Every structure is written in structure tokens, then in C-alpha cells.
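Here it is, the structure in full.
First the proteins, then the strands, lettered A, B, ... as listed; each starts at 1. Fair warning: this is a prediction, and the values are worked out from it, not measured in the lab.
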Amino acid sequence: MNTQRICCAGFGGQGTLSMGKILAYAGMLEGHEVSWCPSYGPEMRGGTANCHVIVSDEPIGSPVVTSDANCVIAMNQPSLDKFVDILGKDGVLIVNSDLAALKEDKEDIRVLNIPANAMSTQEFGGAKLANIILLGAVIQSINTVTVESIDDAFTHVFEGGKAKFIPDNKKAFKMGYEFAQNYK
Amino acid sequence: MNTQRICCAGFGGQGTLSMGKILAYAGMLEGHEVSWCPSYGPEMRGGTANCHVIVSDEPIGSPVVTSDANCVIAMNQPSLDKFVDILGKDGVLIVNSDLAALKEDKEDIRVLNIPANAMSTQEFGGAKLANIILLGAVIQSINTVTVESIDDAFTHVFEGGKAKFIPDNKKAFKMGYEFAQNYK
Amino acid sequence: MAVIFQKTKALTDVKLHYCPGCAHGIVHRLVAEALEELDEVKNAIVAVPVGCSVFANKYFNFDAIQCAHGRAPATATGIKRVHPDKMVLTYQGDGDLASIGTAEIIHAAARGEKITTIFINNGIYGMTGGQMAPTTLPGMKATTAKNGRDPKINGNPIRVCEMLSALDGPVYIERVSVSTPAQVTQAKRAIKKALEIQRKGLGFTFVEVVSSCPTNWGLTPVKAMEFVREKMIPYYPLGVYKDITAEEGK
Amino acid sequence: MAVIFQKTKALTDVKLHYCPGCAHGIVHRLVAEALEELDEVKNAIVAVPVGCSVFANKYFNFDAIQCAHGRAPATATGIKRVHPDKMVLTYQGDGDLASIGTAEIIHAAARGEKITTIFINNGIYGMTGGQMAPTTLPGMKATTAKNGRDPKINGNPIRVCEMLSALDGPVYIERVSVSTPAQVTQAKRAIKKALEIQRKGLGFTFVEVVSSCPTNWGLTPVKAMEFVREKMIPYYPLGVYKDITAEEGK
Amino acid sequence: MAKVLMKGNEAVGKAAIEAGCRFFFGYPITPQSEVPEYLSSELPKVGGVFVQAESEVAAINMVYGAAGAGARVLTSSSSPGIALKQEGIGYISNAGLPAVIINMMRGGPGLGTIQPGQADYNMAVKGGSNGDYHNIVLAPASVQEAVDMVMEAFDLADYYGTPVIVLADGLIGQMMEPVEFNYVCKKELAPKTWALTGKGDGEKHMVENLVIEPDECEAWNKKHFETYAKIEANEQAWEEFLMDDAEYAFVSYGTSSRIVRSAIGYLREAGYKVGMIRPKTLWPFPTKAFEKLDKKIKKYMDVEMSMGQMVQDVAYACNDKNKIEFYGRTGGVVPAVDEIVEFGKKVMGGDK
Amino acid sequence: MAKVLMKGNEAVGKAAIEAGCRFFFGYPITPQSEVPEYLSSELPKVGGVFVQAESEVAAINMVYGAAGAGARVLTSSSSPGIALKQEGIGYISNAGLPAVIINMMRGGPGLGTIQPGQADYNMAVKGGSNGDYHNIVLAPASVQEAVDMVMEAFDLADYYGTPVIVLADGLIGQMMEPVEFNYVCKKELAPKTWALTGKGDGEKHMVENLVIEPDECEAWNKKHFETYAKIEANEQAWEEFLMDDAEYAFVSYGTSSRIVRSAIGYLREAGYKVGMIRPKTLWPFPTKAFEKLDKKIKKYMDVEMSMGQMVQDVAYACNDKNKIEFYGRTGGVVPAVDEIVEFGKKVMGGDK
Amino acid sequence: MAKGRVTINEMLCKGCELCVSVCPKHVLQLSTTKINALGYNPAEVVNDDCIACTSCAKMCPDCAITVEKLD
Amino acid sequence: MAKGRVTINEMLCKGCELCVSVCPKHVLQLSTTKINALGYNPAEVVNDDCIACTSCAKMCPDCAITVEKLD
Ligand SMILES: Cc1ncc(C[n+]2csc(CCOP(=O)(O)OP(=O)(O)O)c2C)c(N)n1
Ligand SMILES: Cc1ncc(C[n+]2csc(CCOP(=O)(O)OP(=O)(O)O)c2C)c(N)n1
Ligand code: SF4
Ligand code: SF4
Ligand code: SF4
Ligand code: SF4
């Protein structure tokens, strides 16, 4: 596997950080080197939140992705505007199309528009699993970790009392994965 | 004038610091370079007190006299023991012989034993001017400042309400000066 | 038709960065209004703390300095000594004032420094994410007291007005709250009175505002105000703790 | 024939460096005697301050640490947390405790730290040569208040027992003095009681000793003790300010 | 133990517990607040004690007490909080007590910003307190290394009787990486017979800080400097990255070294013979790494998240300031890989 | 004005008043307590204000306020007290405010001793606070120079908008020498339109310290570094003593330079071609003095009352650490002239 | 009883509901449809029973409310 | 009334006179002739009226006093 550089970005509360965390966890479970690097600010102020995940088979240099990203997940417009340019050649832009849209076409990248908020709301009665839906699309679109590893990651991240969240998460993940599979 | 290095030492309360201060003041009034450098400790604890005075016509290097002293005034035994060795060739040791005595003869130095405590007590009803008596002897014995400059210094140091102390100080000074003049 | 309530000019147009329903916004307004009504906006200098209100300097439409954490009373002292004729305030949170800044507030008070301190007691460290404050109530949860504050383990809360009242320097100490419109009115009255006393040069004045931090309390703003009324105020009783102008009146 | 008074073994043979008639010596002895009588010398660890008593570690015949100026309560907290079964004391002057160390004493008290603080209030900075302390009386001269402390200029003195009594953490607070043999007896009783409470693990205990500094007061030791009785004690009234053991008894 | 994915701040907390530390005294500050938060719940579980101190000043003086009492003790903070601890650090150093201090640096000076920085190098390495002293300063570049270094820090502190500073930054504190806890102490540690424990039936113990006689105070200082000389001889640590054939060397530590590592990847691809010396100990500074290379290296390219605080140490190590080119970002800015690549190319020119 | 014989501590107090300083905030500590004592009675006489702060921390934050309010303001302390002021110094530096800080150094570390020392060089010159910043550091070697430098310090502070540290020691504070007060400001000082004075009818004033956006924070830092570059270009100051024909040069500052001066007297008598470079500014360090000499000097003999804290700066200035020999006493010990003579002879050998 | 009018500056409103909770006449409610640029559902006026008591405005932390008295 | 004996350790005494000032029987006085190694005039016993009340010892800051009760 080549080094995979992924950036998840959105509003605070949209679950961008935990989406990245599951990905990183899955990478670790597969034995790769991983890093998960969040933005942080004066806490409790809302605003944007993003994290950078790197999965690699070599020791990871910069944990911050400022260029050559393989995948950017933009959960809202400001995030899309801010991060689209860090995509490298053949990078994949995954857009929560309910809240964002790429304004100008860009060469050399692939764009997946996914109405994740709507999909989540329809299926789960709220937008809270939009992040996992998008994660499904990520895993389908780039060469990082296997679906099984993500499943494993769920069981690690949702421990104890949180185990009850696993089925919905798996479902959301699958929705996203399949949406990407059938994309266009 | 050659550089004069003088060390005044005794118990706290014996007036060693002010003796040195008057000397330094006189030196300044004559236009020399002077420095006055006291020992200091955790305050208010009694113990020993000493100061180093340098009078020179060149900018003064070390204000601390650790060797080549021209004159050491020892107002008690511990001070004598501690400082006698810093005297240079032909240096003068001025001893408050009521409280100290040189135990072993030393070459190349001149010793003046002055019963300053007794002289002060006899004349002023207490030992408090022993320091000025010894200062008189210093001025007589080494080539630093003139008697007139010391008189001037008195008027500067004892300002305002303290002017009343001047006559006794002058008297004590003279006693010491004359004692040294007639020494041996 | 007359406008009977609108945003005071003593606040700038910069949007407040506080969380929805945070009482900081209310108190900012009251301080600003009080100064405006006293026509002292032009003479006011506020020392803002480190805490959620660290950017208060951007919101208050008068001179301001961002102080080191806890040291606003010292910094305000420096300012007041240089400009004894200006209105000098500190605006401080409970971590700032009652923890790291304990010595500074006590000594500014004891010196009788002619400044006014507005003390926002929200029982938590807001800015850094909900750690225990000296004023966190017993049983109240914090990120450094996850099972709720246990005085046996985490020590006892400090009642600042009561403590400062043991000193001779302060001339006016009142504890107010802003959990109801009536309390807001009383809070403003207290702040205004403190500033008037400062203007007269009588001494140190102190207004504690029992406040809320919905975010770190994990409550909606409305529930948070209920918590203020039901839990905070019983522990931190409102009222005047010291008032030499009243004593003089006697 | 029986020896009914002699130097306690809980003091070393090192000569005290204090000025003639300095009350530090008396209080040292009382602390040592109290520990000896409680058979706790072997378990005692004292945190000594920066101030004239900075060398108390040499005089006390038990474990000791020289603390940073004002921070003895924090350092003692560190020690007590490591050795909860030992007797941990701080011994502090008024500059140390009531000025630079204000935050540390208040928070150790509020935490209910199970230590005993002996607070020597001599109304002056002894070691550094007579500067004003937070407890310097109005009118009393100091090298930084040469015309005598004027509360308008130099701020108001702080009454520490009263201030600490506003907190929930302390379980025993008493102010004593050592200006007469009877007071000395009472002072020892208070110190012993504080230590006993600590041994029982009940909480923070505090004994203020209204004390003397003949040197920096410019008085003979005997006159200084008179000053303690005539000026200091009226301003700093002796007595028990807090005692939960008494309250429990009720 | 299997690897776990942990946030740096929590990982260093766990590392301390694994290293036998049972006492933490600290005060919240971004970006390290998860250290006290984590330890506030984890320490009690293992019989340890967490105290949220009233301030950083109180915290470091609690550390002084606990260290004097013979415990393994930790405090942690970030830049301005560490500035407040300086007096206390001096006391601990003077008393020759072991303690571990973590600084998750942010941009400065003053309140500065809360984003990652490396501008506390001077404060940590040169000494931000009064007097002659040194602290061992360890500079991790990953969460795993932070874990290992925290654990080692306790051993170094105990072995040499000196505070050890783990100098990381907000990025390392906030990021997650897989970690395992399997550091093993290689030093033989003497029992702490000097510790304040109550004298019991033995001699009393004293922790002193005022040495009023200058001669004695000097002797005390010199004793410490003998220890420092040993540390300088034995504890210099660094990583050499692609240095075998290197004609140019980056010098960088901690987070910035990770950016450099990525940049070197690109530069090597472009044919540049470039490597990196990455100091893992900042004090003692790994001069040995430079002595070894001596004339071989044409330029040292110092990259920091500061205005160049390490430059003098590099110059002293290679004894030629003209060999050093510096690139730095500060105020919370983490440099991008591209910038470093560009800087490298500019320095190395066509020189491949 | 006629010369007067004054204690250093009182003389610097008077110098501040002569320089127009009307505000002093400080806390007693030996060996500088005469500074606050003197100013407590003298400032009120000229309409000024003296406040004995509750601590050094409070004092420096009062200074921050008064400086922000546009006043000339002074604080003074000694080593451990200055360590406590580090956070505050960082704040003042960050805000770009003028202030003067006197450190009458004593031996360290920690509580140390109360006798004179020079071991706070790093804390003052390298920066004992967090972040990237510099303070101007002036090092007087006599009471007169202390007076002149304190007066100049206020001008430099106002001119560049930065704290200025006057780094003297207990000996200079405690000794008496004749002084006169006739320093004249050579700089044109802009009015402090930025100061907190109440906004009146104008724009409001702000003194800020938190710059949450890294880019802005970096820009803020870089602006300061532009100022620092100007200071480095314009303000390096040093004395050359018998350097014209010198083949060896002592490097020493402050009190230790006076011992060296005496020692040079003896060494010259003995035929050694030796002089001294005496830095008067420690930051900016007078590298120009060394650049000028370059190859001429066989050895630099660095003499300090520390374990060698200035050595790296000398090495950086002359760019050859092997040219430096160091002799130091510490912990409050003032070296004797004889020791320095002996050290000089050992270094210079028969090389006259 | 006085008659009044409340105006909400929707750009400033953070939807905290404090105004809603204190209005004695239930004049205000959070919008269930609108979302402002800050991402919040702003308060809106749902009836014209306002008595110009200014309670809502006193509680608003964001100075989003203007009250007029109609006379 | 009990009978007692006071002994002063002259090496420790700093001549502060506190003991003298509190003795109800005026047993103690500062020596007008002796000066000890510390430079002070130590206290000395001037009569044998001591009643073993230990007042002097309680006040002595330098632990210079031993009191015995004669029985
Ligand atoms: C010296 C220092 N220590 C710690 C911090 C981190 N810090 C920032 S705000 C804060 C506490 C804020 O709580 P509070 O004062 O209660 O105000 P609030 O945010 O609740 O309004 C802390 C600990 C800092 N900036 N500086
Ligand atoms: C940080 C610091 N500030 C100041 C000092 C200087 N200092 C030493 S003792 C002291 C005050 C002592 O007064 P107090 O606490 O009343 O004790 P006393 O000497 O009267 O017994 C001061 C200010 C210091 N050592 N460290
Ligand atoms: S964290 Fe709390 S105090 Fe801070 S802005 Fe939010 S609600 Fe207000
Ligand atoms: S200075 Fe005062 S407190 Fe200190 S030893 Fe002397 S009398 Fe006691
Ligand atoms: S109180 Fe203000 S911010 Fe809150 S909902 Fe009402 S108008 Fe909006
Ligand atoms: S009280 Fe003690 S020290 Fe004082 S005079 Fe009596 S015996 Fe001497």
C-alpha cells in the first residue's frame, strides 16, 4: 500500500474527528503505521473541526496533510473550499452534497457527491451518521483498509455500553460503500 | 597617589562600615576614584561586618580587596585573623588592641596596636567612637586622604540633625591620629 | 413608538464567540450599559482575564488589556495607579480569580485598590474544557472530577464574597446572578453601584455574578439557568456582603 | 530533685541564629515539645519557609525541607500526599504566608489538606530587613513605609485567621501569642491540639502565633513583648476561630 | 501488550503510570489538558494521587515536596504555564531531586496562541530559572517516542537526581498514534535513603535550598556539574536519518523533524544527498553526532517551529556558524512539507 | 550635579527617578531590597507611586499594566524573584511594551545564596520565558554605569517597545561609588498614542496577548524580530580595554570584569599582551567586537561568576569554540584577582 | 398594560432559547425552519402579545433583541 | 510554695532579658560583668527565691534555662 493521506473536515459536531479515528484504528489493526491529527482550537466554541489521517507502511513523517492528499472528505462548504486544494493527483474528493458543492471543476481529481445528511436522516432519523456513510465511500474509493478492518475498528471504538451503536454504524458504512460502488 | 586598598573589619555594630564610608567620602571629595564595598549577610543577625575601600587615581578594578592591601583595620580578633594575610608588602595593620592581638609576628608589615575601645570609653563614655579613633590612625599611617578631607566628609555624612555628632567625631579622629603619630 | 431596549454602544459590533446561552454575554452587556449610563465609557479601561472572556477586549467598546491568567487585579492596579482618574475594571472567571489569581485578588482588595472587579462564577473552567474550578459545587461533574466533586478528594469550594468580606480594604461586595430578568436588573444595579463607588474613589468594589456554562455543564442554556437557581445560588447566596456607603448612611 | 524544664530532644544542638529575644526561638521549642509529647518526632516532616526561620531545618530534630518563598503549603501537600501517615507541618512567617504565599495557604486550607500550619505573625519582614508585611499594623514603621503604615497608602493589614475561617476546609484555627508565660502555655496547647487533629486525619489545622521581631521593630525584646500585648493582640485578637472538634462535641 | 491508538496527552499519562509514577500535580492548560484529565481518573485506580493545583506555581512546589518525599512524580503544562514553574524548577534542580516535567509547547511568547510551537527551547535547554543548572531535556517526535521518553525520564531523573523535561508540543499532545508500553529500565537505581519519610529511629533527612556560605554553595554547584558532565558523556541521543551518504543534513527535532522527514523523501526522489540529524536529547545536546561528521557535511539545515533557538547549539556542535542555514515558522504555524522541500532546494542549489 | 557617594541599589533608584520613572512595583529580596526601600520614600516626593506588591508575580503584572497605561515603570528583584517574573516578562515582550527590570543577581540556583553571582545570564539573555522573544540586556560594571544604564534603559525600552533588563549583581547593588546623574537621551521618542488612557473621544486602545490565529501570531512575532534586528544592528555596546596590541583577550562583564581589569594590570606588568572585551550589552551580544578582531586574538579568556553561561555567545561571536578558555566561580563567590592572574598565565603560558 | 414590539436580529441569534423561556406572554419561539449563517435556529416572534417588559432582551446574551414600546 | 533551682546555660544565652522580665520572684538578672562568646551579657541567678514556676524557661527563646524542682 502506498501512503494514504486523508483529510476529514466539517463543522464541530458532524463527527469528522471520529470518522478519522475509526479509519486510523482500522489501519492500526491491519498492522500499518497510522497517525490521526486533529485541528484544535479554544474549546467549546463550535466552528470547524478537521483531522488528518495517514495510513502507511513506512514510518510517518508529517502527520499534517498539506499537499498530496489521497482523499478529502468535505462535510460542509467551508471545509470543501479550504481543503480541496491539498488533493494530489488522482485524489478523491468526497462531498456531503447536502451541505457543500464543488464550485469549479478541478482537473486530476475524482469527485463523489453523496447526499449523506439526507441518507442518514432518512435511515436513522437524523444526520448523525452522515460521517460514517461518507467513510464507507472513502473505503470504497481509495486503497486504504478493508471493510473487515473497519468492522473490527467499530468493535474497538464502541466498547462496553457503546456497543449498541455498532449495528447502525455498520449499516451506515455499508450504505456509503454501496453508494460509492454504484456511483455514476 | 598610588592605589590604596583598605579593609575595615569588626563585629556588626562596631562601626566598621561607617568608618570606611567616611574614608571613601573623603577620597571622593579630593577627586579620587573611590569604591566602598561591604560584606552583607542575612540581615539582622549580628556577626561580623567588614568593608573594603579603595582610593585611587585610576578607574578601580576589583572593589574587593583580597591581596595587596595597604591597610587592614581589625576591630576584633576574628577580623584580624581573617584579614591579616591580605596585607601587601609594607602594609599597615591597625589593631583595636582591646579586643584583638596579632598572634604571630609577620614580616613586611607594620602593626599599630591601639586601645581604641578604652580610649573611646574614657573620652566618650562608651566604645562607639573606637572606629573613628582607628580611622585617625589610618589617615596618619598611610597615604590616602588629608585630614581636611576627612573633616569635610564628616560634614557631608553627618547632615542635618546628625551635625551634632561632628565635634566628637573630629575629636576621636584627632585622638587616633595623634596616637599613631606618637606610636612607639 | 420608542425603542426601549437595544444593544448598547459601549459594546462593539464584533460577534461574541461565546456558546449559545452563555451568561458571559449578558454580563458583558450589563457592564457596558452601566458604563454608558454613567457616561464613563470614554474613561473606562478593563483588564480581561484568561478564560472564555479572553477576547472581551474585542467586545467592549473601550480600552482593554489582556492579562496573564489570574493577574488582572495586579495589572489593573498598575493601570489605576497611572491613571487614578479613570475607571478601571477587571473582568474575571472563577479559575482566573479564585484559583491561580487568589493572591492577586486578595491583595488588591486588602490594599483597597480603587478598581471594580466583576467576577463570573460559573463553577467550571470554560475555556479549557470543563475542568474543576474552585467554585465547582460538591457533586458537580468536571473533566478533572469525573464522578462529581467530592470535597474529601477534590477539596471544598471557595465562597469568594465571604472570604473577601473578612478584609478591611473592600468597600462594596455584592453577589448577584443573571438567571432571571429580575436578577439581571439587580446585577446591573450592583455593577453600576460598584462603578459609582469607584468614581468617588472610596475603595475596592467587587461584584460576583453567579453564572452559567451550559456547554461544560452539559445542559441546555435554559436548564443551565435552572441549575443556577436551584443549585448554585443556594450554595452561593445572593446579596450584599459589604457596603460602606450603607454603613456610612447608618 | 527533679528537672522540670529542659531543652527538648526534638531540637538539635545547633545554636539558633535568631536575634536576642526573637520569638521564633520560643515557637520552635513549642513545636518541638508538642511533637515530642505526642511521640511524633520520628514521624514529623516540616516544610520551612523563606524568612528568618529558613534555617529551622537545622534546629528541628526531625525531617525538614526548605521551601520556596510562600510555597510551603504546596510543598507540604506534596509530602503529605506521598506519606499520608506522617505528621506534616509548615512553619511560615507573615511575608511568606500572607503575602507571596496567599494562594497556597488558602488553597491548602480549602482543600482540607491534612497538614498543620504554624504561622508566625511578627508584623514585619524580618530576614530582609524590616519591610512592611501584610500584617504590619497601621502606624507601625517599616523600611518600605518609613512614616508608618498608612492604610490609605500602604493598604490594610490582613487578619489571616479571620480570612481562613471563611473557608470550609480548615477544621481548627486558633490565634495565640507568646508574650507571657501563660500565653506560651496556651500556644503549646494549641499547637498540640492541631497536631492531634492532624494525627486523626480530620483536616487542615492552623495556629497563628502573634509574635515579635525586636530587631526590626527597633525595640528591646522586653519592650517588644509589651508591644505584642498592647498593640498587636488588640488588632489580632487571640482565640479559637474554628474548631470542628468542639462543634462535634455540641 | 497490543498496540493501542492513543492521544499523545493520554498516552504520556499512561506512560507515567506504567513507569510507576503515582503522583501528579498540575493545572489545566491547552493543549495539554488531557494529561491532568486522564490522570485524574486513572491515578486513583492504581492507588495514586491526582491533585489539581491552584496554579502552576503551586503545582511545581507540590512536585518539589513529593519528590523530596521520595516519590516518582509528574507535572505537565504548556508554555506560559511552564514559564510560571521556572522558580520551582530551579529549586528542584538545586536540591538535586528527581521529577518529570512535560511541556506540550504552544506558540508564544506570553499567552501567544494555543497551536503547536517549539519556541520554549531556550527556556528548557538553556535554563529559564536563575543560577547554574541543567535539566535533561528529551524531545519526542511521535506519540510512541513520547511514551518511551516519559518512562525513561523517570529513570534518568532518579538515576542522576535531576528534573527531566519532556519537551513535546501541542501536535504530539493532540494527535493519536498506535503505542505500546514496553520500555524497560536499563539503569540500576539506588534506594532513596535521603528521602523525607520521617526519621523513625534513624538520622533525620533534610532537603535544603539555601546555602548561605558562598564556598559551600559553589561546592554544591560543582557537585551538580560533575553529574552534568556524566550526563553529557553518557546520555546524548539522536537519530540519524539517511546520513550514510549525505552531503547535506537537516537538523530538526520533535514535530518539525517529522515534516523534514517527509521533505527528505521528496528531496531524495529529486536526487539530493540529504539526511537528517534528529536530536532526541536537547540537553545534553548531541554534539557527538556532529563531531563524527565533521567536514563531510556542506551545510546543516536547521528547521524549527521557532525563530531559531537551536541554531547556537548546532553552531557550537559543528563549530562553524557559517555552515548553518535556518528555516523556521513560529507562533503556532506548523510548516508544510513543501516549504521545507523548497528551503532545501534553495540551500542545496543544483548540488545533487 | 556634583558627584555623590551612593550605594548601587539606591543609585539605580535615583537614576530611575531622574529618567522620569514615577512608578515602581516590587517585592523585597536581598541583595536589592534598598531599591524598593529607597523608592518607597523618594517616589512620593516627586508625585510618583511605590507599591510593595504581594509577590514578584504580582509586581511584574503591575508593571505590565502601568506600561500598558503609558508610564515609565520599573521593577527590580534578585535571581529567584526574577525567575518568578518570567511569565510576566514574556507577556510584556509579546505586547511590545516598554519596561525596565533590574536584576541584582545572587548565586543560585533556587534559593541559592545571597552573595553576588552572574548565573542568570541564560535566564536574561536566552530568555527564561516561553516563546520567541528577546530583551535588551545591559550589564553595568560600576555604580555609575548602573546609573547610566538604568537611565538609558528607559529610553531604549520606549524607543524599541521592549522590556530592558539591567543585569547587575549583589556587589554592584551593595557597594558605594561616586555617581553623577547626567545621562542625556539621544533618541527621539514617539508619543505613546497606543497607551491605555481611556478612549476619550477617540479610538479605543487595546493591549493584546492572545493571537489565536497562528498566521497572525507568527506575523506578530516577525514584527518583533524586525525590531530585534534593528537593535542588533544599532545597540551592541562593549568596552575594549588595552586591546590595541593585545594577542589575548579576556571576555568578561559586570563585576567579574572588574576583577579581570585588576588582573590585567598585573599581567601587563608581567609583560603579557592581554586586554579585555567587556560586553556592555549582553543582548544584543557585541559580536561586532569579535568580528573586528578575528584572527588577531590567540585565545579568548572568558571569566564569569557562573559556570560559563556566556561561553556559547563568545563562541558564536568568534566562530571558534576552541579559542575559548573559561574560568568561573559560582554560588556567590567573587573571584580574587590572583586567581585570574594565575588563570591568565596558565592560558598564555610563556607567551608574552 | 403597555404594548410593545420585539425584533430579533437573526444574524446574531444563537438559538439559546433564554428569551423564549422568560417571556410572560409566550411571544417568542425558536424557528423550526430557519437556520442562520451561524448554523442556529433563531428565535422568532409568534404572536403580538408583547407587553414591552424587556425580559427577553435582558436575558439575551447576544444582544440580538430590540424592544420598542408602542404608545 | 515549691522550691526550685534555675540554671542558665551561659553559652546559649543572648541576654534578651525576657526571663528576667517574667520572673515573679526576681531571681534573674543580666550579668553586668560577664560577656559570653557570642558577645552578650548572660542572665544569672541573683537570689534563691525560685519557686520552680518555669516562667523564665517558657520565655527563653534559646533554650538556655533548665529548671529543677527541689523536693
Ligand atoms: C498560566 C496559565 N495557566 C493556565 C492557562 C490555561 N487556561 C486558560 S483559561 C483557563 C481557565 C478558565 O476558566 P475560568 O477562569 O473559570 O473562566 P471561564 O473560561 O469559565 O470563563 C485556564 C486554566 C493559561 N492560559 N495560563
Ligand atoms: C521569590 C522570593 N522573593 C523574595 C525573597 C526574599 N525574602 C526572603 S525572606 C522574605 C520575607 C521574610 O519575612 P517573613 O515571611 O515575615 O518572615 P520573618 O523573616 O519575619 O520571620 C523575603 C521577602 C525570596 N527569597 N524569594
Ligand atoms: S464554554 Fe462555558 S463559559 Fe465558555 S463560552 Fe461556552 S458556555 Fe460560556
Ligand atoms: S530579624 Fe526579627 S524575626 Fe528575624 S531573627 Fe531577628 S528578631 Fe527574629
Ligand atoms: S436569547 Fe438571544 S440568542 Fe438566545 S434565542 Fe433569544 S434572541 Fe436568540
Ligand atoms: S530568656 Fe534566655 S536568652 Fe534571654 S536572657 Fe534569659 S536565659 Fe538569656
Side-chain angles (χ1 to χ4, degrees), chain D residues 1-33 36 52-53 59-61 120 122 177-189 209 211-215 219-226 228-229, chain H residues 1-46 48-71:
Chain D
M1 197 175 79
V3 172
I4 56 171
F5 197 109
Q6 64 183 357
K7 188 171 175 179
T8 160
K9 295 251 156 11
L11 291 174
T12 63
D13 287 337
V14 180
K15 263 182 206 158
L16 303 180
H17 70 286
Y18 300 108
C19 304
C22 173
H24 272 305
I26 304 177
V27 186
H28 280 24
R29 196 191 65 231
L30 299 183
V31 171
E33 287 176 355
E36 193 181 33
C52 280
S53 47
Y59 310 138
F60 287 128
N61 201 0
I120 307 299
N122 63 10
S177 186
V178 290
S179 80
T180 64
Q183 285 176 357
V184 170
T185 304
Q186 178 56 26
K188 176 149 146 210
R189 206 176 290 145
V209 185
S211 205
S212 71
C213 173
T215 301
L219 297 173
T220 65
V222 174
K223 289 273 168 215
M225 288 304 186
E226 269 172 50
V228 168
R229 287 189 297 274
Chain H
M1 207 171 275
K3 191 99 195 84
R5 185 165 69 201
V6 208
T7 324
I8 311 281
N9 182 338
E10 284 180 10
M11 299 303 297
L12 295 177
C13 175
K14 291 182 186 150
C16 73
E17 224 170 348
L18 289 179
C19 54
V20 177
S21 76
V22 298
C23 176
K25 295 289 167 184
H26 309 291
V27 174
L28 298 164
Q29 243 172 37
L30 293 197
S31 170
T32 48
T33 50
K34 278 188 240 164
I35 298 187
N36 69 10
L38 303 166
Y40 301 115
N41 303 111
E44 56 188 18
V45 176
V46 294
D48 50 5
D49 298 347
C50 177
I51 53 170
C53 72
T54 70
S55 289
C56 57
K58 279 181 186 145
M59 293 303 290
C60 179
D62 287 275
C63 293
I65 302 180
T66 306
V67 186
E68 290 158 298
K69 193 168 181 177
L70 308 176
D71 40 18

Inset, instruction - Output the distance between atom CD1 (D/Ile26) and atom SG (H/Cys16), rounded to the nearest 0.5 Å. - result: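 Atom-to-atom, D/Ile26:CD1 and H/Cys16:SG are 7.5 Å apart.
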- Do the non-hydrogen side-chain atoms of D/Leu16 and H/Pro61 ever get within less than 4.5 Å of each other?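 A side-chain contact under 4.5 Å is absent here.
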Listed partners of H/Cys50 passing side chain to side chain contact (heavy atoms under 4.5 Å, CB included), at least two apart: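 H/Cys50 satisfies side chain to side chain contact (heavy atoms under 4.5 Å, CB included) with H/Val6, H/Val27 once adjacent residues are dropped.
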In terms of heavy-atom pairs under 4.5 Å with chain D, which of H/Val67, H/Leu12, H/Ile65 leads?
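Ranked by contacts with chain D, first place is H/Val67.
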Task: Interface moiety of D/Val178 toward chain H, non-hydrogen atoms closer than 4.5 Å - done: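 Contact with chain H involves the backbone of D/Val178 alone.
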* Proximal component of D/Leu11, with respect to chain H [non-hydrogen, under 4.5 Å] ->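 Contact with chain H involves the side chain of D/Leu11 alone.
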Please report all inter-chain donor-acceptor pairs (under 3.5 Å) between chain H and chain D, with distances to 0.1 Å.
residue: H/Lys14; atom: NZ; partner: D/Leu16; partner atom: O; Å: 2.9
residue: H/Lys14; atom: NZ; partner: D/Tyr18; partner atom: O; Å: 2.6
residue: H/Ala57; atom: O; partner: D/Arg29; partner atom: NH1; Å: 3.0
residue: H/Lys58; atom: O; partner: D/Arg29; partner atom: NH1; Å: 3.3
residue: H/Lys58; atom: O; partner: D/Arg29; partner atom: NH2; Å: 2.5
residue: H/Lys58; atom: NZ; partner: D/Thr185; partner atom: OG1; Å: 3.4
residue: H/Cys60; atom: O; partner: D/Arg29; partner atom: NH1; Å: 2.8
residue: H/Val67; atom: N; partner: D/Phe5; partner atom: O; Å: 2.9
residue: H/Val67; atom: O; partner: D/Ile4; partner atom: N; Å: 2.7
residue: H/Val67; atom: O; partner: D/Phe5; partner atom: N; Å: 3.1
residue: H/Lys69; atom: N; partner: D/Ala2; partner atom: O; Å: 2.7
residue: H/Lys69; atom: O; partner: D/Ala2; partner atom: N; Å: 2.9
residue: H/Asp71; atom: OD1; partner: D/Met1; partner atom: N; Å: 2.8

Highest number of heavy-atom pairs under 4.5 Å with chain D: which of H/Leu18, H/Val22, H/Leu70, H/Val20?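 Ranked by heavy-atom pairs under 4.5 Å with chain D, first place is H/Leu18.
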